[in-house]
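Numbered from 1 within each chain, the chains take letters A, B, ... in sequence-line order. Atom set for the values below is all heavy atoms of this structure, side chains included, hydrogens, waters and symmetry mates excluded.
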Amino acid sequence: MSIYDSLNQEQREAVHHTEGPLLILAGAGSGKTRVLTHRIAYLMEEQGVNPWNILAITFTNKAAGEMRDRVDHIVGMGSESIWVSTFHSACVRILRRYIDRIGYDNNFTIYDMDDQKTLIKDVCKALHIDTKIYKERSIMHAISSAKNEMLSPERYEKSIGGDYSKQKIADAYWEYEKQLKANHALDFDDLLLKTVQLLETQPDVLDYYQDRFRYIMVDEYQDTNTVQFQFVRLLADKYKNLCVVGDDDQSIYKFRGANIKNILNFEAHFADSKVIKLEQNYRSSAHILKGANAVIRHNVGRKEKSLWTENPEGEKINVQSFDTGYDEAEFVAEDIENQVRNGHSYNDFAILYRTNAQSRLFEERFVAESIPYKIVGGINFYARKEIKDILAYLKTVDSGQDDLAVRRIINVPKRGIGLATIGKVQDSAIEREIGFYEALGGTDLIPGIGRSAKKLDSFVALIAYFKEQSKDLSISDLTKEIIEKTGYLDEVNKEEQEVAEARIENIDELLSKIATYEEACMDADEPPTLRGLLEEVALVADIDGLDENQDYVVLMTLHSAKGLEFPQVYLVGMEDGLFPSFMTVTGDDPEEMEEERRLCYVGMTRARERLVLTCATRRMVRGEIQHHRQSRFVGEIPEELKESGKGSRTMQKFNKVAETNPRSRARRVFHTPAYGGGQKVPQQFVVKSGQSLDYQVGDRVSHGKLGEGLVMEIIQGGRDYEVTVDFDGVGVKKMFSSFAKLVKIVL
DNA sequence: CCTACTACGCTTTTT
DNA sequence: GCGTAGTAGG
């Protein structure tokens with residue numbers, strides 16, 4: 001009995017077909033991950049392929065990690081030398097080695113969307129582009145699309161004809177590229193684009209990677225865009241051992257440049273390719289699967305296929321209708337609580353919605369009922385202000401080449417360096433064709449700088465001090481040093497208590513992430529470096545932080561849910577105008593409606609045993625009440641597969657309204673999910689061994705700067721204690737015990 | 001140069 | 001409803 005016997009005939013065929021191009025059309029829940037992992041195992045065990053000759057591309061780091069684990073599990077050893085990674089991290093690895101060949105610095109930084117937006121803003125200012133007319137967002141989007149289609153500024157400009165507004169965008173694109181290069185920075189799209197340029201222009205590099213990756217596998221192929229397609233095509237061109245897996249019914253990233261033709265035309269792109277369809281679904285109950293099939297059948301532009309299952313019929317799809325979004329959230333919370341009382345665990349449940357904004361009502365309800373939950377997405381952890389600030393310090397200490405980072409922190413915390421001064425430094429830097437940070441090194445050369453020179457000098461001295469420290473300290477300690485010495489923590493503590501607590505919680509989490517990174521490096525026998533950390537941080541996706549082993553309800557957008565499965569799924573906000581979105585309902589693009597429908601299909605097929613669809617007739621959207629009717633997608637499910645709520649609930653509203661107003665704002669900041677930290681598991685007090693404090697709540701302590709005070713509270717944070725002290729005449733402060741250096745006063 | 005206030009615009013979805 | 005950009009006053 002071999003491990004391959006557990007596969008069905010089509011799956012086995014896909015595993016055994018190792019030479020030449022292969023397209024696996026894998027319906028939802030048809031076991032494609034199983035096929036991919038077994039295929040890798042087969043290549044290594046039966047075909048004797050070296051693990052380092054295999055490249056597997058997934059969409060998220062989480063998927064990559066899981067795939068590696070599963071391969072590890074099957075073959076035992078050797079899986080660590082397979083490249084299993086996302087498009088982006090694979091490209092970074094290649095670029096770190098060779099990008100100097102095309103005129104960039106191998107030590108480049110990666111700009112996230114926030115940085116991009118700041119840069120675009122600068123560009124618009126420099127070019128006198130009115131951002132009221134040309135929105136940063138749309139310029140960014142236009143540039144991103146151009147890059148996805150592999151249009152350089154030159155080619156973009158040629159393509160636009162005499163269009164005046166597009167000319168503006170072309171101008172911005174030129175300048176944007178210039179600035180990126182000056183900052184030694186690449187944006188997300190560049191990671192792909194520059195890699196393709198590199199492979200296209202450097203035959204020896206291309207040859208090296210073609211030989212290295214003799215067997216290439218790509219997951220979620222329906223969501224690849226043009227530049228990703230080129231990347232794959234180039235690498236596979238020599239040996240043609242390319243296996244792609246996808247499902248055109250699950251293509252949901254058109255807005256991001258995904259080109260569905262990549263999958264529809266696979267056979268045309270790659271000669272002598274083989275196509276295998278996986279149509280048996282192992283995940284969902286028959287009722288759920290039939291319902292999903294019925295919905296997706298309304299799409300015209302798709303490859304006809306019919307998913308079937310041997311699974312039992314199961315419960316009918318539960319459809320519930322409510323008056324308001326509050327009622328909807330209350331129902332879901334209660335429904336979950338009821339089932340947990342009956343033996344289900346919290347991580348059996350997922351709540352899926354169309355827009356991130358919808359998470360709030362559920363979050364409030366869950367907090368009120370102490371249901372542990374985790375929100376995936378929303379504002380990315382690494383996009384939070386305090387995190388970006390600290391990372392900007394680390395970037396500056398590391399290289400000082402990233403002007404954006406330097407400018408971000410030059411006056412954070414406040415040092416009396418204002419916009420006017422920054423402008424003068426900037427002008428002088430441009431004048432002399434040097435970097436911003438470099439210009440700070442010679443303040444006497446900056447005209448009209450006046451009294452600000454001293455402040456700038458002391459900033460430079462501060463950074464220099466950290467640079468010196470970074471030689472001896474671990475990254476964790478360096479970071480703590482930065483938080484303390486810059487006065488950042490004091491600044492945070494000056495904010496409103498609840499805001500400050502949330503920020504400290506986030507900073508604490510960053511510190512533990514850094515520590516985790518350092519430990520991982522130690523395990524791998526590599527020295528932890530600032531650069532390595534910053535890179536890892538730049539490429540994480542929200543979903544990467546999800547951990548199935550933790551017991552919490554997860555909340556996320558339908559987009560984030562792709563590739564996941566749950567015993568029970570609540571698809572909430574099933575309303576025309578919300579899902580399908582307002583834009584789609586009012587617009588007249590049938591293709592957009594089809595993409596929404598695919599999204600619905602993806603959502604429904606996440607459920608294994610039970611699927612609940614809910615809607616509200618009234619809900620607050622952007623501060624005003626909107627009325628919606630039930631989503632057309634619900635109507636597309638045959639009646640015999642549905643059962644409606646046993647008495648749809650009309651609840652008294654008065655007690656709920658009160659809860660939404662007064663503290664909701666502060667509460668939101670406080671409870672806002674920290675990626676990775678959003679779970680509100682009832683606090684556990686686990687004290688780590690080897691670490692203890694010589695004071696406790698109620699003791700009098702003394703602090704170097706703040707004098708004496710009374711310890712109010714001690715909370716075990718990630719790797720440290722968070723101590724609240726009421727200082728005499730100064731007030732209540734929160735701080736980390738490890739660098740607050742509090743001393744107990746013995747009376 | 002900093003802070004506090006007002007007005008506006010925004011929400012689809014994200015590696 | 002919320003965050004941010006822009007403005008006025010200190």
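The phosphate of B/dT15 has neither OP1 nor OP2 within less than 4.0 Å of any side-chain N or O from A/Asn225. Phosphate proximity of B/dC1 to A/Lys455: absent, as no side-chain N or O sits under 4.0 Å from OP1 or OP2. Contact annotation: A/Arg137 does not reach the phosphate of B/dG9 (side-chain N/O to OP1 or OP2, under 4.0 Å). Taking side-chain N and O atoms only, A/Ser560 has a distance below 4.0 Å to OP1 or OP2 of B/dT14. In this structure, A/Lys562 does not reach the B/dT14 phosphate: none of its side-chain N or O atoms is under 4.0 Å from OP1 or OP2. For A/Thr557 and B/dT14, the shortest distance from a side-chain N or O to OP1 or OP2 is below 4.0 Å. Side-chain nitrogen and oxygen atoms of A/Asn411 include none within less than 4.0 Å of the OP1 or OP2 phosphate oxygen of B/dC1. A close approach under 4.0 Å does occur between a side-chain nitrogen or oxygen of A/Thr421 and OP1 or OP2 of B/dC1.
Across the protein-nucleic acid pair, A/Glu220 atom CD and B/dT15 atom C1' stand 12 Å apart, rounded to whole Å. Protein atom CZ of A/Phe59 is 18 Å distant from nucleotide atom P of B/dT13, rounded to whole Å. Rounded to whole Å, atom P of B/dT14 lies 16 Å from atom CG of A/Asn148. Atoms CG (A/Asn259) and C1' (B/dT15) sit 17 Å apart, rounded to a whole Å. The CE-C1' distance, from A/Met620 to C/dG1, rounds to 8 Å in whole Å. Rounded to whole Å, the distance from CD on A/Glu491 to P on B/dT3 is 8 Å. Between the CD atom of A/Glu136 and the C1' atom of C/dT4 there is a distance of 11 Å, given to the nearest Å. In this structure, CD of A/Gln626 is placed 14 Å from P of B/dT11, rounded to the nearest angstrom.
Along DNA chain B, the nucleotide closest to A/Thr86 and the one closest to A/Ile417 are compared, and the more 5′ of them pairs with A/Ile417. Place A/Arg354 and A/Leu539 on DNA chain B by their nearest nucleotides, and A/Arg354 ends up nearer the 5' end.
Nearest nucleotide to the side chain of A/Asn356, out of C/dA5, B/dT12, B/dT13: B/dT13. The side chain of A/Ala420 lies closest to B/dC1, out of B/dT13, B/dC1, C/dC2. Checked against B/dT14, B/dT11, B/dC2, the side chain of A/Lys414 finds its nearest nucleotide in B/dC2. Distances from the side chain of A/Lys121 to the nucleotides B/dC10, C/dA5, B/dT12 place C/dA5 closest. Checking B/dT15, B/dT12, C/dG1 against every side-chain atom of A/His88, the shortest atom distance belongs to B/dT15. Here the side chain of A/Arg256 is nearest to one of B/dT13, B/dT15, B/dT11, namely B/dT15.
Contact of A/His559 with B/dT14 (side chain to base): no donor-acceptor pair of N or O atoms is detected under 3.5 Å.
We find that A/Asp115 and A/Arg408 are not joined by a salt bridge, their nearest charged nitrogen and carboxylate oxygen being 4.0 Å or further apart. The pair A/Glu594-A/Arg597 fails the salt-bridge criterion, with no side-chain N (NZ, NE, NH1 or NH2) lying under 4.0 Å from an Asp/Glu carboxylate O. Contact check on A/Arg407 versus A/Asp122 returns a salt bridge, with a Lys/Arg side-chain nitrogen under 4.0 Å from an Asp/Glu carboxylate oxygen. Comment: A/Glu328 does not engage A/Arg365 in a salt bridge, judged by the lack of any side-chain N to carboxylate O separation of less than 4.0 angstrom. One finds a salt bridge joining A/Lys32 and A/Glu220 here, because a Lys/Arg side-chain nitrogen approaches an Asp/Glu carboxylate oxygen to under 4.0 Å.
Residues A/Ala90 and A/Trp83 approach most closely at O-CZ3, 3.9 Å, considering heavy atoms.
Using a 4.0 Å heavy-atom distance criterion, A/Glu595 is classed as making no nucleic acid contact. As judged by a 4.0 angstrom heavy-atom cut-off over every strand, A/Lys135 is placed among residues touching the sugar-phosphate backbone only.
Put simply, A/Phe255 rests on the base of B/dT13: the two rings are less than 5.5 Å apart at their centres and nearly parallel, under 30°. Using a 5.5 Å limit on the distance between ring centres and a 30° limit on the angle between planes, the aromatic ring of A/Phe582 does not count as stacked on the six-membered base ring of B/dT12.
With respect to A/Leu186, the side chain to side chain contact (heavy atoms under 4.5 Å, CB included) criterion is satisfied by exactly one of A/Ile99, A/Leu180, A/Thr109, A/Leu192: A/Ile99.
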